[in-house]
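The structure under discussion appears below in the form of structure tokens.
Each residue takes its place number in the sequence, starting with 1. What you are looking at is a predicted structure, and each value in this text was computed from that prediction instead of being measured.
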Amino acid sequence: MEITKKITIEDFEALLENHPATLVYFYQDKCGVCKILFPKVKKLLDREFPKMEMIVLEAEQNRALAAQLRMLSVPGIMIYFEEKEFFRSNGLVTIGELQSKLGRLYQMFF
């Protein structure tokens, strides 16, 4: 996994500001679903949504940020376009559901 170190809410907001399309992926090392889902999400972005940035955050290291964002369970996915949240998934999400939601939003912005 391409992991971003512990970040503050200010760092997080700066990342969103610098990337018009961002998928945030919260995970935990001991989460089996997180490990299975991550490569599928990464492959989907690489293949179909290349302009989207992916930020990977370990939930325990970023507990304060997760709390501020109300990210209550892992795997957690948040999708932002132009610094606004458009989609959120706490827990399991299917790749098909993610692809469908992302596809419509991505086409609107690009």
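How far CG of Leu57 is from CD1 of Ile7: 4.5 Å, rounded to the nearest 0.5 Å. The OG atom of Ser100 sits 9.0 Å away from the CZ atom of Phe87 when rounded to the nearest 0.5 Å. Atom NZ of Lys51 and atom NE2 of His19 lie 15.5 Å apart (nearest 0.5 Å).
Side-chain atoms of Tyr25 never come within 3.5 Å of backbone atoms of Met54 as a donor-acceptor pair (strictly under, hydrogens ignored).
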With a 3.5 Å cut-off and sequence neighbours excluded, list the donor-acceptor pairs that the side chains of residues 11-18 form with protein atoms.
residue	atom	partner	partner atom	Å
Asp11	OD2	Thr8	N	3.3
Asp11	OD2	Thr8	OG1	3.2
Asn18	ND2	Ala14	O	3.1

Please list, one pair per line, the donor and acceptor atoms closer than 3.5 Å that link side chains of residues 66-76 to other protein atoms, with sequence neighbours excluded.
residue	atom	partner	partner atom	Å
Ser73	OG	Gly91	N	3.3

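For residues 41-77, the pairs satisfying ring-ring contact (aromatic ring centres under 6.0 Å, His included) are Phe49-Tyr106, with sequence neighbours left out. Listed by first and then second residue, the salt bridge (charged side-chain N to carboxylate O under 4.0 Å, His left out) pairs that reach into residues 75-91 are Glu85-Arg88, sequence neighbours excluded. Pairs engaging residues 90-108 under the salt bridge (charged side-chain N to carboxylate O under 4.0 Å, His left out) rule: none recorded [sequence neighbours left out].
Asp46 meets the side chain to side chain donor-acceptor pair (under 3.5 Å) test with Lys42; sequence neighbours excluded. Looking at residues two or more places apart in sequence or on another chain, you find a salt bridge (Lys or Arg N to Asp or Glu O under 4.0 Å) between Glu60 and Arg63. For Lys40, the side chain to side chain contact (heavy atoms under 4.5 Å, CB included) criterion is met by Ile36, Ile95, not counting sequence neighbours.
In this structure, Phe109 and Phe81 have parallel ring planes: the angle between them is below the 30° cut-off, well short of the 60° mark.
Tyr27 has its side chain out of reach of Lys35: every pair of non-hydrogen atoms, C-beta onward, lies at least 4.5 Å apart.
Leu92 belongs to a hydrophobic cluster whose other members, connected by ILVMFWY side-chain contacts under 4.5 Å either directly or through intermediates, are Val33.
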Show the numbers, then the answer: is there a side-chain contact (heavy atoms from CB on, under 4.5 Å) between Ile79 and Leu98? CA-CA 10 Å; Ile79 296 171; Leu98 189 58; 3.7 Å; yes
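Leu45 and Met52 make their closest contact through CD2-SD, 3.8 Å (heavy atoms, listed as atom of the first residue, atom of the second, distance).
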